[in-house]
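Presented below is the structure to which this report refers.
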Amino acid sequence: MTLRGAPGIEPARRRGRLGLAAVALAGALACSVAAPATAAAPAKINSCGWNNPHGEHAYYEHCATDTNVWIQVKRWSRGSYHRCVGPGRTVLDFDATGAWYDSNYRGGLCSHPGDTGP
């Protein structure tokens with residue numbers, strides 16, 4: 001023998017569950033709608049600093065927009081050196097195995113991207 005509650009309670013519970021499900025679905029849809037891309041949207045920047053993607057040359061991504069900095073580039077078969085890089089992506093040597101910002105080299109800031117030092 002199955003006992004049931006009062007006649008009006010079961011439909012009210014179902015309506016409550018359906019209402020909760022509708023709110024959850026509406027919330028999920030609202031979160032999944034993406035803003036449309038515009039032509040003025042900036043390009044996505046990968047990780048700042050050293051990057052070594054498969055199938056491409058290694059590069060250094062300088063994420064600041066108003067400075068040029070010295071980085072130290074480590075190479076596999078040749079010695080390390082310093083290089084001045086500006087904002088954005090700088091493609092490094094084919095044998096580069098690492099690169100990092102060097103605040104101790106000439107104060108860390110430089111004037112002419114592309115300049116190199118020991």
Exercise for the section: Verify the cluster assignment for Val69 and Tyr59: are they in a single hydrophobic cluster under the rule of side-chain heavy atoms below 4.5 Å apart? Expected result: no
Handout entry: Main-chain N/O of Ala64 paired with Asp66 side-chain donor or acceptor, under 3.5 Å
Key = no
Exercise for the section: Heavy atoms only: give me the nearest Trp50-Ala58 pair and the separation to one decimal. Expected result: CH2-CB, 3.3 Å
Practice task
Answer yes if Tyr81 and Tyr101 sit in the same cluster of Ile, Leu, Val, Met, Phe, Trp and Tyr residues linked by side chain heavy atoms under 4.5 Å apart, and no otherwise.
Solution key: yes
Handout entry: Nearest-0.5 Å distance that lies between atom CG in Asn51 and atom CD in Glu56
Key = 9.5 Å
Handout entry: Donor-acceptor pair, side chain of His57 and main chain of Asn52, under 3.5 angstrom
Key = no
Problem - Polar contact flag, side-chain donor to acceptor under 3.5 angstrom, His112-Asn68 - result: no
Practice task
Say whether, by atom type as modelled, one donor and one acceptor occur between the side chain of Asp115 and the main chain of Ser111 under 3.5 angstrom.
Solution key: no
Problem - Verify same cluster id: Ile71, Leu109 (apolar side-chain graph, 4.5 Å) - result: yes
Exercise for the section: State plainly whether the residues Asp95 and Arg78 are in salt-bridge range, i.e. N to O under 4.0 Å. Expected result: yes
Problem - Flag side-chain contact, heavy atom, 4.5 Å: Arg75 against Leu92 - result: no
Exercise for the section: Hey, can you tell me if Trp70 and Tyr105 have their rings parallel, tilted or perpendicular (30° and 60° cut-offs)? Expected result: perpendicular
Problem - Student check: side-chain heavy atoms of Val91 and Tyr60 closer than 4.5 Å - result: no
Handout entry: Any donor-acceptor N/O pair, His82 side chain to Thr116 backbone, under 3.5 Å
Key = no
Handout entry: Minimum-distance pair of heavy atoms, taken over all atoms of Ser80 and Gln72
Key = CB-NE2, 3.8 Å
Exercise for the section: Check whether any side-chain heavy atom of Thr90 sits under 4.5 Å from a side-chain heavy atom of His62, and report yes or no. Expected result: no
